[in-house]
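Heads up: the structure comes next, in structure tokens.
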Amino acid sequence: MSNAPPREREAIDTYDPAAVESKWRDRWRERGTNHTDLHGAARPFYSLMMFPYPSAEGLHVGNLFAFTGADIYGRFQRMQGKNVFEPLGYDAFGIHSENYALKVGEHPAQLIPKNIANFRRQLERAGLMVDWRYSLSTTDPAYYKWTQWVFLQLFRRGLAYRKKSAVNWCPNDKTVLANEQVIAGACERCGALVEQRFLEQWFFRISDYAPRLLKNLDTLDWSESTKTAQRNWIGRSEGAEIAFEVEAAWDRHTRLTPIPGSAAAKQWQAGQAPGASMDSRIRVFTTRPDTIYGATYMVLAPEHPLVDVITTADQRAAVDSYCRQAMRQDLVTRRTSREKTGVFTGAHAINPATKQPIPIWIADYVLMEYGTGAIMGVPGHDERDFEFATQFGIPIVRVVAASAAEAGAALDEAFVDDADGVLVNSGPFDALPVSEAKRRIVDMLAAAGAARAVEIYRLHDWCISRQRYWGPPIPIIYCDRCGPVPVPEDQLPVLLPEIEDFKPDDSGVSPLARHESWYRAPCPKCAGPARRETDVSDTFLDSAWYFLRYPSVGRDDVPFDTELTSKWLPVDSYIGGNEHAVLHMLYSRFITMVLSDAGAIGFEEPFTRFRAHGMIVREGAKMSKSRGNVVIPDRFIEEWGADTFRTYLMFLGPFEEGGDFRDSGISGVRRFLDRLWASVGELSGEGAPDTLVMRKLHQTIRKVGEDVQRLSYNTAIAAMMEYVNTLRRGERTPHRAEVEPLVALVAPFAPHVAEELWERLGREGSVFDAGWPEFDAGLAAEDRIELAVQVNGKTRGRVQIAPDAGQDLALSAALAEPGVAKFVTGEPRKVIFVPGRLLNIVV
RNA sequence: GCGAAAGUGGCGGAACUGGUAGACGCGCAGGACUUAGGAUCCUGUGGGGCAACCCGUCCGGGUUCGAGUCCCGGCUUUCGCACCA
């Protein structure tokens, strides 16, 4: 029987993925194979993947790439004996759903459940080890009740506040636009130029947490690129805050005429000089205090509160017009337009170092939201200032040079090097190196009460208000008597009403503001008539705590069960896209820190280990609907099977870098599974397994284990392919001991077919409960190894020697090779021996 | 402009800490089995040369016995942030 050529028997029982996969989907469901006993788990392992937005188009191949990568890691951990919890839910609120709903004219509350059902079907077909009992959707009142609860925790701790802030406004559509809806300064829908509008909005004080968010990064096992992105986003800068006096302001105060109604005007009317009760000095932030002798002007942001105070009567009209225009520009244009514009205020400030008056300008290249909203202009040593000064004829003074000899050299561009310059034209500080001058100048100014060393952060507070419909209402009630009052926790959730006209309109507020019956509510404090907040919260708030909820899904009385939370969190492994490296990951860390400070949870970092996966392109080009080159997972799964599709996705490139989906490549993976299938069909249990095959097997067990642990899935698959090739080389009948462990190795990648083969091997129970194959170093050891022999660094031959052979033995073996010997004339000058690798003879 | 990453056969990609460049797969070529094969199996496959050999990891330098890997300079591509003082 073993004489019959094995190939001929394949026809009897060929691999039929559709049948195998549907069989095992049912089995897993019936047997609860993917269920995790959350309370009873002895070795909990929380394997998290980023939950998707359930679009109408269905699951994207990028989603599936990410999920499969996370699933393989989770299944691998399970086979290592961990109790793995792998939940998955839906991030279903937000502008995507809302815009799509508007486009097709169907209510999102109807659309989303359909999309979720479709996603669920696709996800189950993909063979994910998800415990669906703990799924969630952010749109479910049972979930967003607790999103609102999270808001209240921040409110209670003084971390949520209201302030006026700019939004993008389309004057044609009369609606608020998200930044992504503004293309080159115009509305993406109608093309009208977008303007800024100022609305009262809710903010979270994430900037208070900037130092901690930055410092903790050092303790996290995350992809380095993700940590770098967060560091840059938090953007710590060291420097100094320097105060500039406005020149002789009150001797000549007749020139200063504050805008009617401004704080300055009120003081004015009360008979006070503004300087008397309010610090009218202008504070700037700089990272280059060493260049202060070169500060020849000053700039305020158009929104700066002192603009009203200092502008002189003759400049008033020009300043007003400039500021109005600057503030009307949309946020995107203002940030991208490179041309320098500005207007002189008519006022001067005193440079605290030179004691000279310098003009105060207003320009939109200075941003109110960074630093103090004012800068000292040092055209000699800052590119932007150089450009501005050149344009407006402001003097350019060199105060740093490569050497003292260059003190008089003219500048034809800004000299920004702060590493190895020395100071010039800087009075007592001349000839000091920049780094020392920074310290000494700050000390000098500080002694005069005009400066202090500070560190500032780029990170802004998080605006969570959205003037939209499809989100959780912010749980606040405005009462004329009591002000903003939080909705009491026992009245949560504040349900989002299912209104028909959810289209944004020209009111500048959420569509909810048109529904009086909804927003009228009694004040929780005084029971008087009051009005609900009609804005909803940012989707990023929904996703900033979802991982805390999964284990407690089903609990109505608490956001998260204390015992389960301390048992399962923080998350052991988080895998997701780098596009969320900053916002989602930073917000999640922030919310976790706040809840930790509030005593609600016992840890302050949510994700112990994070790995960012790469992106998939197709045939070398980015996938997009307009190109029509999007991979539709359903079609490939239909044709090739989910196991083949999963394995191919993991094979086409390094998981953390992504890769190129080539339709022609998938057949190779399928052939691999076919050959695996055939090997199980042909098994022979007789005799002893082949020593060389078993050696290769154990080498493969080791390699696959190591590779999966570091998410090097493509090389793990390559190793298994190599082993199958070894197994089937020549017309031999594989031995059961050679094949069985391979089925287990393949299981995380191709779970359905692995289960089927495991059963066909006569094994009881799921392969995922069978444990990872044991690695035997003795069986894996080579008895002869190949040593490369080089002469002067060029490979000239190879010799077979015992693995523990020493240099002398290796050298004599090498010299016995004619191909080597002919290059070695006389005594070698030097011999380099790397055991197990090579021998280099230098002549 | 700033930040991050990457440039290796016809193609996707291997090479973990400097140590046999091109694993694995696609494609291609030849062969076997076949009425047939786009199925399966076997063999070959970086370039040049009859060969000994020579040349090869974006380009130019350098360090080293030895460089795809490290250092310096340049080019190209992708991604992120974009007037952050």
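We use all heavy atoms of the structure for the numbers below, so side chains are in, but hydrogens, waters and symmetry mates are not.
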| said: Under 4.0 Å between a side-chain nitrogen and a carboxylate oxygen: does that hold for Arg231(A) and Asp218(A)? | reply: yes
Report task. With heavy atoms under 4.0 Å as the rule, sort Asn840(A) into base, sugar-phosphate or nothing. Result -> base
For the pair Arg796(A) and Glu817(A), find out whether any cationic side-chain nitrogen is under 4.0 Å from an anionic carboxylate oxygen. no
Per atom distances to the Asp382(A) side chain, the nearest of A85(B), C54(B), C65(B) is A85(B)
When rounded to whole Å, the CD to C1' distance for the pair Glu657(A) and G7(B) reads 12 Å
Give a yes/no answer on whether the side chain of Lys227(A) brings an N or O atom under 4.0 Å of OP1 or OP2 in A4(B). no
Exercise for the section: Please state the P separation for the pair G7(B) and G19(B) - nearest whole angstrom. Expected result: 16 Å
Looking just at side-chain N and O atoms, do Thr715(A) and Ser712(A) make a donor-acceptor pair shorter than 3.5 Å? yes
| In whole Å, what separates the P atom of A5(B) from that of G12(B)? | 22 Å
Requested in this report: Quick one: label Arg796(A) by what it contacts on the DNA or RNA (base, sugar-phosphate, nothing), any heavy atom closer than 4.0 Å.
Outcome: sugar-phosphate
In whole Å, what separates the P atom of G25(B) from that of G18(B)?
29 Å
Using a heavy-atom cut-off of under 4.0 Å over every strand shown, decide if Lys703(A) touches base, sugar-phosphate, or nothing.
-> nothing
Whole-Å distance, Trp233(A) CH2 to G80(B) P, equals 12 Å
Answer with yes or no whether the side chains of Tyr365(A) and Glu387(A) bring together a donor and an acceptor at under 3.5 Å. no
In Watson-Crick or G-U wobble terms, with both distances under 3.5 Å, the base opposite C33(B) is none
Is any side-chain N or O of Lys822(A) closer than 4.0 Å to OP1 or OP2 of C53(B)?
-> yes
Per atom distances to the Val842(A) side chain, the nearest of C83(B), C65(B), C79(B) is C65(B)
Any side-chain heavy-atom pair from Trp222(A) and Arg609(A) closer than 4.5 angstrom? no
Reading nucleotides 20-29 of chain B from 5' to 3' and marking B where a protein heavy atom lies under 4.0 Å of the base, S where only the sugar-phosphate is that close, and - otherwise, the string is BS-BBSSS--
Applying the 3.5 Å cut-off to both distances, the Watson-Crick or G-U partner of G3(B) turns out to be C79(B)
| Is the charged tip of Arg670(A) near the ring of Tyr648(A): under 6.0 Å from the six-membered ring centre and within 45° of its axis? | no
Asn578(A) atom CG is separated from A6(B) atom C1', nearest whole Å, by 14 Å
*How about Ser679(A) and Arg728(A): does a side-chain donor come under 3.5 Å of a side-chain acceptor?*
yes
### Query
Can you find a side chain N or O atom of Ser237(A) that sits less than 4.0 Å from OP1 or OP2 on A85(B)?
yes
Judged by whether its glycosidic angle lies within 90° of 0, G9(B) is syn
